[in-house]
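Here the structure is laid out as structure tokens; the discussion comes afterwards.
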2 protein chains.
Amino acid sequence: MNKKMSLDDQLEHVKHRVSEQIAENMKSYGYPATIGRVIAAIYYAGRALDLDELAEHTGMSKTRMSQVLREMTSYNIAEKEFVKGSRKDHYTVEEDYYQTFITLFTANWREVTIRNKKIEQKIMEELMEIYEDEEATPEIKAEAENLMEDSKASIRYFEWIERIVELFDSQDIFKYVPKDPLDEDKKAYRFKN
Amino acid sequence: MNKKMSLDDQLEHVKHRVSEQIAENMKSYGYPATIGRVIAAIYYAGRALDLDELAEHTGMSKTRMSQVLREMTSYNIAEKEFVKGSRKDHYTVEEDYYQTFITLFTANWREVTIRNKKIEQKIMEELMEIYEDEEATPEIKAEAENLMEDSKASIRYFEWIERIVELFDSQDIFKYVPKDPLDEDKKAYRFKN
DNA sequence: AAGTTTGTACAATTTAAAGTGTATATCGGA
DNA sequence: TCCGATATACACTTTAAATTGTACAAACTT
């Protein structure tokens, strides 16, 4: 049955597999799979696509395309591109894997740190009130103090996450984990082969 | 209404908030929220808990506890602890935030790299067959070559992810992004205050 | 101004994930 | 060997996320 497939169809099949693979990876990143399909469609088209073309390529509704592209532009992994003589919105995508990884990774974690720092602040205030309440027994005060220590430790942890985010966002990560294997490694590799 | 709450209840309320916060964070990590509630319950109990106690603390079914604890032990963020004279399984959890982050983060990404490298290998084989097919036109061959280049680039990217995972797993990340702010920063901070 | 084209709001549907309850296999003690 | 206690398999229900279709508003054309 596969034998009957034309070579063109086989190439299409490979592209489809890659597309699904990227889609699956998006799920692992914590984002909708459809984002991956959109990236693949635009990449293989080799040009900016409009919503109708994307719906066509992904086999999904135009509504969904609208939703997903909005999400993607909000994360800066897609952007509108002006196309002469067309009223439609055309979209291009970030094609650098590494940058896409960094962008999505940092967007997610920034959200986490912001949310948590807010909550920790509220918790701290709440604990302070309890601690300073005139009816607070020594036991109550001790417990409140424990929880405040926890909260402080938690804040330090989220500040660490913030610095991790900064490490990626600034591209400094490539200093410590380069895209290409080190030259020494390359040499060693060559000798072995 | 809040005014009527006893101080003890207020402390409980704070703990509950923290528990929900951790639960929410687990979702952001890409894991079930319940994992966070389990971590909080055991942490606040200050000792290993059994499935019934966990169901009690989280307000969930024992079945769910069984499922979640299995998942947690598989990720090495929970483990069984022997408790004298009890037939029940008691569980403790990793209490170091940083370690939990690293463990979950690396588990997720390791899975991703393994999955992708497998797929890329298959794709490479498929493309090779197409390329070497006697009926392949120059256009077909050129396209297959392009896709092979893509695949190679993709593999290099996942190897980079693997090295990122290794950076965290080996704890080397703390060399570049220390838990505690640097001494210089500390000093600067002191002077400002 | 009337008629098109386009994108998206909104409610409804589908699909996938989380969680439950009953039934059962396994184990340790009498 | 039987009994009670425990964890989990499995099928079912609930909840949340992804996706669609219809309707409409804004912008563009004539």
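Because the structure is predicted, anything quoted here is derived from the model rather than measured.
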State which of [options] makes the closest approach to the side chain of [X].
X     : options                : result
B/T63 : D/dC10, D/dA18, C/dG19 : D/dC10
B/T34 : C/dC10, C/dG19, D/dA18 : C/dG19
B/L51 : D/dT8, D/dA18, C/dG7   : D/dT8
A/R87 : D/dT20, D/dT29, D/dG4  : D/dT29
A/D89 : D/dA7, D/dT8, C/dG7    : C/dG7

Without decimals, in angstroms, what is the distance between [X] [atom1] and [N] [atom2]?
X     : N      : atom1 : atom2 : result
B/E56 : D/dT6  : CD    : P     : 15 Å
B/M26 : D/dA16 : CE    : C1'   : 20 Å
B/K88 : D/dT8  : NZ    : C1'   : 15 Å
B/D50 : D/dA7  : CG    : P     : 7 Å
B/I35 : C/dG19 : CD1   : P     : 10 Å
B/M60 : D/dT14 : CE    : P     : 15 Å
B/E71 : C/dA18 : CD    : P     : 8 Å
B/Y31 : C/dA17 : OH    : C1'   : 16 Å

Checklist entry - Are A/E53 and A/K88 close enough for a salt bridge, meaning some N to O gap below 4.0 Å? => result no
Item to check | Carboxylate-amine/guanidinium proximity below 4.0 Å for B/K27 and B/E24 | outcome: yes
Checklist entry - With a 4.5 Å limit on heavy-atom distance, are the side chains of A/F168 and B/I164 in contact? => result yes
Next on the checklist: Is it true that B/R115 and A/S28 share a donor-acceptor pair across their side chains at a distance under 3.5 Å?
Outcome noted: yes
Checklist outcome for this item: What one should report as the nearest heavy-atom pair of B/F158 and A/N25 is CZ-ND2, 3.6 Å
Item to check | Short side-chain N/O contact from A/K62 to OP1 or OP2 of C/dG7, under 4.0 Å | outcome: yes
Checklist entry - Is the distance from OP1 or OP2 of C/dA9 to the nearest side-chain N or O of A/R70 less than 4.0 Å? => result yes
Next on the checklist: With nearest nucleotide decided by heavy atoms, which residue, B/V68 or A/H90, maps closer to the 5′ end of DNA chain C?
Outcome noted: A/H90
